[in-house]
Asks: 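Attaching a single structure in structure tokens format; questions to follow.
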Amino acid sequence: MLESFFQSISWPMEPPPAYGMFHILFTLIGFAVCGFFAWKLRTVNDRAAGRILFFCGLFLAVSEVIKQFFYYFVMMDNRYSWGDFPFQLCSIPMYMCLIAPWLKPGKLQRGMYSFMVLYNLLGGAISFTEPSGLLHGYWFLTLHACVWHMLLVFVGLFLCFSKRGGNQQADYWHATWIFLALCGIAFGLNCFVQFGLGECMNMFFVGPGDSPIIVFKQFSQWFGWYINTPIYIFAVCLGAYLLFVLIYWIQNKKLPSRSKLTVP
């Protein structure tokens, strides 16, 4: 019954070209809608903000379960695709949006919010500049990927505009420690699945498999994953820092002081 349902919604499509009409319109309209609602909702109280985030997390979780079944029945011929396990960088907001609203206000909650501003907003936005991972041969997968990453943009903008994360001196470091911890967990999962189960998994693209990301894919092939991984992690952390500097400057009209930007 389940298999029949997912086969019935497996409508094929010619993958839309990068910077074609579909890609450009979805990106422009999506960013405009996300920015508008994130700005309009910036003044809601913490309880309402928690509900908004929890609803976003619930939507992501339900859509992810559907995607996992789609891969199992349609793409993988009744086999589980470990490479599509939901623990990539852009999967993390699904968990954080469900967990963070229930936490007491403090470093952990603000760290999660800052992570979704500095790392997931960045990742969601960048994915639309290089959309190969968004545009698939099935309508469901293409729409799922595009809506998912656009929702990351909304969540990041909402938390940024409401100043719940990503705009204070310590926010960058708290978010970065979370990112590094998640990289460690992802590497452990990759090793367990690859060497323990004999399947392919490359969560967070930190190895031991080669990275599929443009530029870093070449680094992996030329120098090995163990050289590429620290370069990749540094590049992501640098991108998040530059976004933090931009947010800090916009909200304070000055650059963050290096003397105050210390590791907490």
Asks: Mind checking whether Y113 and L53 have side chains closer than 4.5 Å, heavy atoms only?
Replies: yes
Asks: What class does the angle between the rings of Y172 and Y119 fall in, given that below 30° is parallel, 30 to 60° is tilted and above 60° is perpendicular?
Replies: parallel
Asks: Would the number of heavy atoms belonging to other residues, nucleotides or ligands and lying under 6.0 Å from CZ of F37 be above 12?
Replies: no
Asks: Taking all heavy atoms of A145 and all of G133, pick out the closest pair and write down the distance.
Replies: CB-O, 4.2 Å
Asks: Tell me whether the centres of the aromatic rings in F31 and F128 are closer together than 6.0 Å.
Replies: yes
Asks: Measure the shortest side-chain to side-chain distance between F244 and P256 over non-hydrogen atoms and say whether it is less than 4.5 angstrom.
Replies: yes
Asks: If you count heavy atoms of other groups shown closer than 6.0 angstrom to CG of L2, is the number above 12?
Replies: yes
Asks: When you measure from the side chain of S114 to the backbone of G166, do you find a donor-acceptor pair of N or O atoms at a distance under 3.5 Å?
Replies: yes
Asks: Count the heavy atoms of every other residue, nucleotide or ligand shown that sit under 6.0 Å from CZ of F59, and state whether that count exceeds 12.
Replies: no
Asks: So do Y95 and L60 actually touch side chain to side chain, heavy atoms under 4.5 Å?
Replies: no
Asks: Show your reasoning for whether ring-ring contact (aromatic ring centres under 6.0 Å, His included) applies to F140 and F70.
Replies: CA-CA 9 Å; F140 171 76; F70 189 91; 5.1 Å; yes
Asks: Please verify the inter-ring angle class for F6 with F73; under 30° counts as parallel, over 60° as perpendicular, anything in between as tilted.
Replies: parallel
